[in-house]
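All values below were derived from every heavy atom in this structure, side-chain atoms included, with hydrogens, water molecules and symmetry-related copies excluded.
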Amino acid sequence: MGLNCDKTYLIDLDGTMIQGDKAIAGAPQFIQYLQEHGIAYVFVTNNAMRTPVQIMEKMHRMGFANLKEEDFFTSAMAAVSHVKKVTKERRAFMIGEAGLAQALTQGGFIMDRKQAKLVFVGLDRHADFTQYCEAANLIRNRHALFIGTNGDRRVPQGDHFLIGNGAILNMLIYASETDCILIGKPSAIMMEETLAYVGKRAAQCVVIGDNLDTDIAFGKQNGVSSILVCSGVHNRSEAKNYHIQADLIVDSLCELLIN
């Protein structure tokens, strides 16, 4: 099956394009093919830690070529865009790294640890107990709106994993007794913001990813066709009887280049 030149491809990163510090076999060639044939794409990631430029530079070091900053849409960018639509409040407290910090700054938000009415929480490998207590108190005692960039339970790191942002959010939900607005894949909010970013309708897009619970559900729950590539979380045998089904399953992205 070949690619549809009239579609815009919403492509996952971790497990689909890259694995740790290496490109997945065939991924750079796949992107090169899209570029050479004028097929539209954007990388859609739940990872809110890095800025688009940081991701782009990392991928260039891995062998990808001719990527642009605007080729990337992160859960941090989606969170900022969504919150600007639902409230005029701009005083915020954040736990997160450069990707979330940049998105908030570019979105016109002001960091205010004492009077914040918004609490944004993304994965932060350097956050400490004090920061989590501050966040919980702002959410519970000052009734700050609580926004989580993504609900990923774990972050794969080769033969081990990091605790994901979803685990952190559940801790804060439990402590503050307040639910959060969850942004990342597979949420409808993430799809709404992604479609707005690329300027397309659901029927004009296709999701490509390695994870049935996030990437494929992202498409399935939001009316977008999906392709599972068995290079990361889920393999073909697991996918066969899974409760979430992709429209197409391939073992390698190279299979999509056969017309």
Side-chain angles (χ1 to χ4, degrees), residues 1-47 55-56 58-68 70-74 152 155-159 184-186 190-191 194-195 197-198 200-259:
M1 175 182 175
L3 293 166
N4 188 332
C5 294
D6 296 324
K7 298 285 188 178
T8 295
Y9 289 86
L10 313 179
I11 306 173
D12 177 55
L13 284 176
D14 296 306
T16 304
M17 292 283 107
I18 61 178
Q19 194 76 57
D21 292 323
K22 294 181 179 179
I24 286 175
Q29 293 77 16
F30 178 76
I31 298 303
Q32 181 181 358
Y33 182 93
L34 297 185
Q35 294 168 345
E36 290 176 348
H37 289 79
I39 300 173
Y41 68 91
V42 65
F43 298 111
V44 182
T45 178
N46 274 1
N47 191 326
I55 303 171
M56 177 188 74
K58 177 180 179 179
M59 291 179 70
H60 280 160
R61 291 193 295 270
M62 295 179 180
F64 293 87
N66 303 313
L67 302 179
K68 304 182 295 294
E70 56 265 32
D71 291 339
F72 300 88
F73 189 67
T74 72
D152 293 16
V155 180
Q157 297 286 301
D159 60 354
K185 295 182 286 186
M190 188 71 175
M191 182 60 79
T194 300
L195 294 177
Y197 184 76
V198 298
K200 301 289 183 179
R201 293 177 286 105
Q204 296 174 297
C205 297
V206 178
V207 170
I208 299 179
D210 68 295
N211 190 323
L212 289 161
D213 292 312
T214 55
D215 305 315
I216 305 309
F218 183 49
K220 207 73 176 175
Q221 294 174 12
N222 296 292
V224 178
S225 298
S226 61
I227 299 171
L228 175 72
V229 56
C230 300
S231 56
V233 173
H234 291 107
N235 60 39
R236 188 179 286 272
S237 61
E238 291 171 330
K240 185 177 180 181
N241 297 311
Y242 211 73
H243 65 282
I244 300 167
Q245 292 290 308
D247 295 293
L248 177 67
I249 301 175
V250 295
D251 293 310
S252 166
L253 290 167
C254 295
E255 294 176 38
L256 298 173
L257 307 184
I258 302 172
N259 293 313

What are the two closest heavy atoms between [X] and [Y], and how far apart are they?
X    : Y    : result
K7   : I39  : O-CG2, 4.0 Å
I18  : M62  : CG2-SD, 3.3 Å
K240 : Q245 : O-NE2, 3.5 Å
I249 : C230 : CG2-SG, 3.6 Å
A202 : L195 : N-CD1, 3.9 Å
Q19  : S231 : OE1-O, 3.8 Å

Sequence neighbours excluded, which residues qualify as salt bridge (charged side-chain N to carboxylate O under 4.0 Å, His left out) partners of D12?
-> K185
Quick one: salt bridge (charged side-chain N to carboxylate O under 4.0 Å, His left out) partners of D14, sequence neighbours excluded?
->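 Salt bridge (charged side-chain N to carboxylate O under 4.0 Å, His left out) check on D14 returns nothing, list empty.
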Between [atom1] on residue [X] and [atom2] on residue [Y], distance to nearest 0.5 Å:
X    : Y    : atom1 : atom2 : value
T45  : L13  : OG1   : CG    : 5.0 Å
I31  : Y41  : CD1   : OH    : 5.5 Å
L3   : F30  : CG    : CZ    : 5.0 Å
K220 : L212 : NZ    : CG    : 10.5 Å
L34  : T8   : CG    : OG1   : 10.5 Å
Q35  : D71  : CD    : CG    : 7.5 Å

Step-by-step side-chain contact (heavy atoms from CB on, under 4.5 Å) determination, V44 to M190 | CA-CA 9 Å; V44 182; M190 188 71 175; 3.7 Å; yes
Less than 4.5 Å apart, any side-chain heavy atom of T74 and any of I55?
->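 Answer yes - side chains close enough.
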Could you go through residues 221-228 and list every donor-acceptor pair under 3.5 Å that involves a side-chain atom there, pairing it with any protein atom two or more places apart or in another chain?
{"residue": "N222", "atom": "ND2", "partner": "P186", "partner atom": "O", "Å": "3.3"}
{"residue": "N222", "atom": "ND2", "partner": "F218", "partner atom": "O", "Å": "2.7"}

Criterion side-chain contact (heavy atoms from CB on, under 4.5 Å) on L253 and I208, from CA distance to verdict = CA-CA 9 Å; L253 290 167; I208 299 179; 3.9 Å; yes
For residues D213 and Y242, is any side-chain donor paired with an opposing acceptor at under 3.5 Å?
-> yes
Exercise: do E70 and Y197 side chains pair donor with acceptor under 3.5 Å = no
Kindly assign one of parallel, tilted or perpendicular to the pair H37 and Y33, based on the angle between their ring planes and the thresholds 30° and 60°.
->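 Aromatic pair H37/Y33 classed parallel.
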Quick check: are there more than 12 heavy atoms from other residues, nucleotides or ligands sitting under 6.0 Å from NZ of K58?
->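 Above 12, so yes.
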Walk me through it: do L248 and L256 pass the test side-chain contact (heavy atoms from CB on, under 4.5 Å)?
-> CA-CA 10 Å; L248 177 67; L256 298 173; 3.8 Å; yes
Hey, mind stepping through T16 and F43 against side-chain contact (heavy atoms from CB on, under 4.5 Å) and telling me if it holds?
-> CA-CA 10 Å; T16 304; F43 298 111; over 6 Å; no
